[in-house]
K.L.:
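What follows is a single structure, and I will ask about it in a moment.
Counting starts at 1 for both ligands and their atoms, in listed order.
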Amino acid sequence: MSLSLYPTKRHLVLIGMMGSGKSSVGRALSVRSKAPFVDTDAMIEGHCRRRITELFQEMGEARFRVMEQDIICQAAEEEQPCILSTGGGAVIAPANREVLWRTGYVVYLHAPPEVLYDRLKRDTSRPLLQQPDPLGTLRQLWESRRAYYEAADLVFDVSQIRIRPAAEAIWKGLPDWLRRRLRGEEDA
Ligand code: S3P
C-alpha cells in the first residue's frame with residue numbers, strides 16, 4: 001500500500017469486538033504518535049450525557065446505531081489525522097465502513113470470543129452482554145461481523161499481548177507514510 005494509492009487515508013482506525021482493547025491500545029498509540037485520540041463511544045456518551053447502557057435502555061439499539069453512525073461520520077471526516085477507536089458494532093453499517101476505510105488505515109484487534117468473555121464476564125457496561133448467555137452472544141456477534149473485521153488493512157492478534165507492547169508493535173507495522181501523517185509531518 002502506498003500513499004499515492006491511498007491519498008484520503010489519514011486516521012488510524014481501530015475496529016474489533018468489545019473487550020479487544022481498542023480504547024486502551026488507542027490511547028497508547030496516541031501517546032506514541034502524538035496524534036489525538038478519539039473514542040466514538042465516549043463521544044456519544046459525552047454528547048448525550050448518558051452511559052451507553054442507559055442509551056440502549058432509553059432509546060433501544062436501533063436508535064443508538066443511528067447516533068453511532070452520525071458520530072463516526074463526523075469524527076472520520078475531520079481533516080486532522082487521529083487515532084480513532086470505534087465501538088464493536090461500528091462495522092455493521094455500510095456507511096460507517098465506507099467512511100472508515102476511505103479516511104483511515106483500519107486495524108482489527110482480534111481475540112477469540114472465549115478470551116473476550118474471560119475479560120468481560122464481570123463487566124456491566126456492555127448492554128448486549130447483560131443476558132443469560134454472554135459467551136454465546138459474543139460468538140454469534142463475532143461470526144456475523146468477522147468478514148468486516150477481517151477486511152481491515154492490518155489484522156493484529158491481541159489474545160495474549162499487553163497494551164503497551166501491542167501499541168508498539170502496531171505502530172512499527174504501520175506504513176511509513178501513515179506514521180508521518182499521524183505525526184503531522186508536512187510532506188506526508
Ligand atoms: C457494542 C460495543 C460497544 C458499544 C455498545 C455496542 C457492540 O463498544 O458500542 O455496547 O455492538 O459490539 P466497545 O466495543 O468499545 O465495547
Side-chain angles (χ1 to χ4, degrees), residues 11-30 36-76 82-97 99-101 104 106-152 154-159 161-163 166-167 170:
H11 310 304
L12 192 167
V13 173
L14 295 173
I15 62 169
M17 292 283 287
M18 302 172 247
S20 58
K22 300 177 297 276
S23 301
S24 315
V25 171
R27 267 187 226 101
L29 277 163
S30 167
F37 175 62
V38 176
D39 184 320
T40 58
D41 274 351
M43 278 178 79
I44 296 170
E45 292 188 328
H47 178 78
C48 299
R49 295 164 192 264
R50 293 268 191 292
R51 312 298 301 184
I52 300 278
T53 330
E54 294 167 324
L55 291 172
F56 267 67
Q57 273 164 10
E58 289 168 18
M59 60 170 66
E61 181 174 350
R63 281 187 58 205
F64 170 81
R65 297 295 176 199
V66 172
M67 187 175 302
E68 181 180 47
Q69 184 171 317
D70 284 352
I71 296 278
I72 285 176
C73 291
Q74 188 188 315
C82 72
I83 311 292
L84 186 60
S85 169
T86 60
V91 295
I92 303 167
N96 292 345
R97 297 200 299 275
V99 75
L100 292 173
W101 264 258
V106 182
V107 177
Y108 165 42
L109 300 188
H110 170 73
E114 295 72 21
V115 171
L116 300 173
Y117 172 70
D118 214 50
R119 291 180 189 168
L120 294 173
K121 60 190 175 208
R122 278 179 280 278
D123 179 280
T124 54
S125 68
R126 280 21 183 246
L128 295 176
L129 303 183
Q130 307 313 303
Q131 35 85 0
D133 182 18
L135 175 57
T137 302
L138 282 166
R139 286 188 175 129
Q140 180 257 314
L141 288 173
W142 180 66
E143 277 305 333
S144 67
R145 297 170 178 176
R146 64 180 293 188
Y148 303 133
Y149 290 149
E150 289 169 0
L154 178 74
V155 176
F156 189 83
D157 195 307
V158 284
S159 318
I161 205 159
R162 290 172 185 282
I163 305 299
I170 291 169

K.L.:
Hey, is Q130 touching ligand 1 through its side chain, its backbone, both or neither, going by heavy atoms under 4.0 Å?
P.N.:
neither
K.L.:
Is R119 atom CZ crowded by more than 12 heavy atoms from other residues, nucleotides or ligands, each under 6.0 Å away?
P.N.:
yes
K.L.:
Tell me the nearest of L14, L116, I52 to atom 5 (C) of ligand 1, using heavy-atom distances.
P.N.:
I52
K.L.:
Can you check whether P36 reaches S30 side chain to side chain, under 4.5 Å on heavy atoms?
P.N.:
no
K.L.:
What protein heavy atom is closest to atom 16 (O) of ligand 1, reported as residue, atom name and distance in Å?
P.N.:
R126 NE, 2.7 Å
K.L.:
For atom 14 (O) of ligand 1, what's the nearest protein heavy-atom neighbour? Residue, atom name and distance, please.
P.N.:
K22 NZ, 2.6 Å
K.L.:
Is it the side chain (CB and beyond), the backbone, both or neither of L128 that lies under 4.0 Å from ligand 1, heavy atoms counted?
P.N.:
side chain
K.L.:
For ligand 1, which atoms, with element, lie under 4.0 Å from some heavy atom of R65?
P.N.:
6 (C), 7 (C), 11 (O)
K.L.:
Report the part of E61 in contact with ligand 1, treating N, CA, C, O as backbone and CB onward as side chain, heavy atoms under 4.0 Å; options are side chain, backbone, both, neither.
P.N.:
neither
K.L.:
Between the side chains of Q131 and T137, is a donor N or O closer than 3.5 angstrom to an acceptor N or O?
P.N.:
yes
K.L.:
Under 4.5 Å between any side-chain heavy atoms of T86 and D39, yes or no?
P.N.:
no
K.L.:
So do the side chains of R139 and Y117 get within less than 4.5 Å of each other, counting heavy atoms only?
P.N.:
no
K.L.:
Within a strict 4.5 Å, meaning less than it, do heavy atoms of the L109 and I170 side chains meet?
P.N.:
yes
K.L.:
Name the closest protein heavy atom to atom 12 (O) of ligand 1, giving the residue it belongs to and the distance to 0.1 Å.
P.N.:
R145 NH1, 2.8 Å
K.L.:
To check your reading of the model: name the closest protein heavy atom to atom 10 (O) of ligand 1, its residue, and the distance in Å.
P.N.:
P127 CD, 3.5 Å
K.L.:
What's the shortest distance from atom 3 (C) of ligand 1 to any protein heavy atom, and which residue and atom give it?
P.N.:
D41 OD2, 3.5 Å
K.L.:
In this structure, are over 12 heavy atoms from other groups packed under 6.0 Å from R145 atom CZ?
P.N.:
yes
K.L.:
At a 4.0 Å threshold, what atoms of ligand 1 neighbour a non-hydrogen atom of G87?
P.N.:
8 (O), 9 (O), 14 (O)
K.L.:
Looking at side-chain heavy atoms only, is the closest gap between M67 and C48 below 4.5 Å?
P.N.:
yes
K.L.:
Is E45 near ligand 1, meaning one of its heavy atoms is under 4.0 Å from it?
P.N.:
no
